[in-house]
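Here is how names work: the chains are called A, B, and so on, in the same order as the sequence lines, proteins then strands, and each is numbered from 1.
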Protein chains: 2
Amino acid sequence: MRKISESTVRRLCGYLRLLEEFQRLGKTTVSSDELAVRGHTTPAQVRKDLSFFGSFGKRGLGYDVLDLTDRLRDIMGLNKTYRVTLIGAGKIGSALVQYRGFSERGFEVVSVYDNDESKVGDSWDSVTVRQVRDLEADLTAEPIHIAVLAIPASVAQEILDRLVKLGVKAVLNFAPTPLSHPSDVTVQNVNMAVELETLSYALRNCRDPDSR
Amino acid sequence: MRKISESTVRRLCGYLRLLEEFQRLGKTTVSSDELAVRGHTTPAQVRKDLSFFGSFGKRGLGYDVLDLTDRLRDIMGLNKTYRVTLIGAGKIGSALVQYRGFSERGFEVVSVYDNDESKVGDSWDSVTVRQVRDLEADLTAEPIHIAVLAIPASVAQEILDRLVKLGVKAVLNFAPTPLSHPSDVTVQNVNMAVELETLSYALRNCRDPDSR
DNA sequence: TACTGTGAAGAACTTCACAGCA
DNA sequence: TGCTGTGAAGTTCTTCACAGTA
């Protein structure tokens with residue numbers, strides 16, 4: 001299949017969320033126009049995004065809500081449960097593990113690691129915090145699909161290297177530093193500082209934030 | 001000034017972080033090549049991004065680390081303190097308020113709101129959780145620069161509308177729903193579900209996650 | 001008739017390649 | 001000589017516009 005751009009993939013996630021909303025509202029059919037208005041994009045964009053994967057609509061009618069939901073879930077690989085491990089038992093990690101959207105969408109946190117002995121052994125929901133030095137032994141015994149890095153920038157590369165050696169192919173990185181990794185490993189970066197600074201830039205350049 | 005793309009702005013944040021790193025390492029001068037390698041981009045991209053704002057380098061030499069840091073901080077509007085309010089005193093909100101990178105970079109959380117009476121009055125660090133119905137009175141008395149929405153999708157639009165009426169021009173939204181807002185208001189969306197689903201898509205489409 | 005699916009046009013972004021300067 | 005700054009070329013992404021069909 002042709003290479004799909006990251007923006008398309010991210011929009012597909014959005015359509016999925018909107019479809020679930022339309023479903024709750026009792027709609028059985030939806031047009032590219034309705035998806036576009038609700039999702040702040042254009043009908044052409046919606047149709048183009050979907051067309052990369054096939055023809056899911058009916059001309060003159062639109063898309064069947066349930067059918068399109070299923071197909072998108074399939075395209076996104078969301079019809080299975082993913083085993084997730086969290087590295088770093090700090091505040092961000094804690095908030096993430098407790099986040100319901102996580103498990104609701106099939107992402108199950110099966111283990112938490114930290115190198116701080118005072119945290120090791122703590123019980124988090126149903127999982128116990130383990131020593132990060134046991135990573136190799138544990139992940140070899142019970143492989144995981146996705147690793148979440150909620151650790152300081154200074155140790156992120158080292159941990160990522162170890163995860164890559166263990167065969168992990170998908171990583172969600174909260175450490176504010178660019179990480180090197182083989183091209184068959186996907187690393188998604190989430191960086192709060194970048195989001196805030198983007199807002200700072202917007203305030204700075206569109207209007208003096210103190211001028212109102 | 002010409003319109004700068006969001007990708008450029010996000011990369012500028014990255015350069016800033018790298019410059020601080022180079023500074024800690026004692027480097028006084030840096031080339032577009034070094035920034036590119038460390039930031040996983042290209043030298044041409046670095047130079048082009050910077051060139052939108054001026055000529056900060058010396059031909060044959062590179063960029064002065066301290067000088068470029070200053071100029072970038074200025075471009076990004078990071079030479080001032082921003083007053084931030086957090087709406088939603090749940091887990092995400094709690095993790096955010098405690099996040100040090102926040103205050104270190106000049107983003108000061110000055111108030112927290114919730115509509116849950118059992119949370120109102122709680123002390124969070126130095127701020128007390130307030131009733132969200134006091135939003136109008138409080139923000140009129142003491143305006144803020146940035147609002148962070150850590151609330152359910154179902155109430156996010158309503159709260160945003162109230163914030164817009166109060167003159168807030170920058171919002172960081174953690175609610176997993178597209179929000180409508182005037183074009184002079186900047187809304188940055190952070191959506192954990194999208195990040196995880198992007199990883200799911202990558203696992204699904206590059207290699208069967210169970211095949212290793 | 002109403003809306004999809006899609007080539008083709010247009011816009012935005014990235015990379016190239018080289019002139020110009022310390 | 002070495003590296004920046006920048007038009008021009010190349011590539012990717014978005015929008016247009018219309019043929020096709022339920």
Can you classify the ring geometry of B:Phe107 versus B:Tyr82 as parallel (below 30°), tilted (30 to 60°) or perpendicular (above 60°)? parallel
Determine which pairs satisfy side-chain hydrogen bond (donor to acceptor under 3.5 Å, both in side chains) with at least one residue from residues 55-67 of chain A, sequence neighbours left out, and list them in order. A:Asp67-A:Arg71
Hey, is the main chain of A:Met76 close enough, under 3.5 Å, to the side chain of B:Ser200 for a donor-acceptor pair? yes
Give the nucleotide from the list D:dC13, C:dC13, D:dT6 with an atom nearest to the side chain of B:Ser7. C:dC13
Side-chain donor or acceptor of A:Gln188 paired with backbone N/O of B:Thr198 under 3.5 Å: no
Within this structure, what is the CZ-to-C1' distance between B:Phe53 and D:dG5, rounded to whole angstrom? 15 Å
Should the pair B:Glu6-B:Arg10 be classified as a salt bridge under the 4.0 Å nitrogen-to-oxygen rule? yes
Please report the shortest heavy-atom distance between B:Leu160 and B:Val171, naming the atom on each side. CD1-CG2, 3.8 Å
Does a side-chain N-to-carboxylate-O contact under 4.0 Å join A:Arg105 and A:Glu20? yes
Quick one: does B:Arg83's side chain have a donor or acceptor within less than 3.5 Å of a partner on B:Pro143's backbone? yes
B:Arg38 and B:Glu34: salt bridge (charged side-chain N to carboxylate O under 4.0 Å, His left out), yes or no, with the steps? CA-CA 6 Å; B:Arg38 182 68 187 83; B:Glu34 293 170 295; over 6 Å; no
Tell me: CD1 of B:Ile4 to C1' of C:dC13, nearest whole Å? 12 Å
If you assign each of A:Thr8 and B:Phe56 to its closest nucleotide in DNA chain D, which residue comes earlier from the 5' end? B:Phe56
Using a 4.0 Å heavy-atom cut-off, write out nucleotides 15-22 of chain C from 5' to 3' as B (base contacted by protein), S (sugar-phosphate only) or - (no contact). BBB-BBBB
Grab the CG-C1' distance between A:Asp49 and D:dC13 for me, whole Å please. 10 Å
Contact nearer the 5' end of DNA chain D, comparing A:Ser5 with B:Ser55: B:Ser55
Output the rounded distance in Å from CG (B:Leu50) to P (D:dC3). 16 Å
Does A:Asp33 use its side chain to pair, donor to acceptor, with the backbone of A:Pro43 at less than 3.5 Å? no
For DNA chain D, determine which residues of residues 26-34 of chain B have any heavy atom closer than 4.0 angstrom to one of its atoms, and list them numerically. B:Ser31, B:Ser32
Restricting to pairs with a member in residues 43-57 of chain A, which pass salt bridge (Lys or Arg N to Asp or Glu O under 4.0 Å), not counting sequence neighbours? A:Arg11-A:Asp49
Have a look at the helix from C:dT1-D:dA22 to C:dA22-D:dT1 and give the angle its two end axes make, five pairs each, rounded to 10 degrees. 10°
Is it the case that the side chain of B:Gln98 and the backbone of B:Ser94 share a donor-acceptor pair, with hydrogens and angles ignored and the cut-off at 3.5 Å? yes
In whole Å, what is the span from the OH atom of A:Tyr15 to the C1' atom of C:dT4? 14 Å
Are any of the side-chain heavy atoms of B:Thr177 and B:Asn189 separated by less than 4.5 Å? no
Tell me, which of residues 62-75 of chain B have any heavy atom that sits under 4.0 Å from an atom in DNA chain D? B:Gly62, B:Tyr63
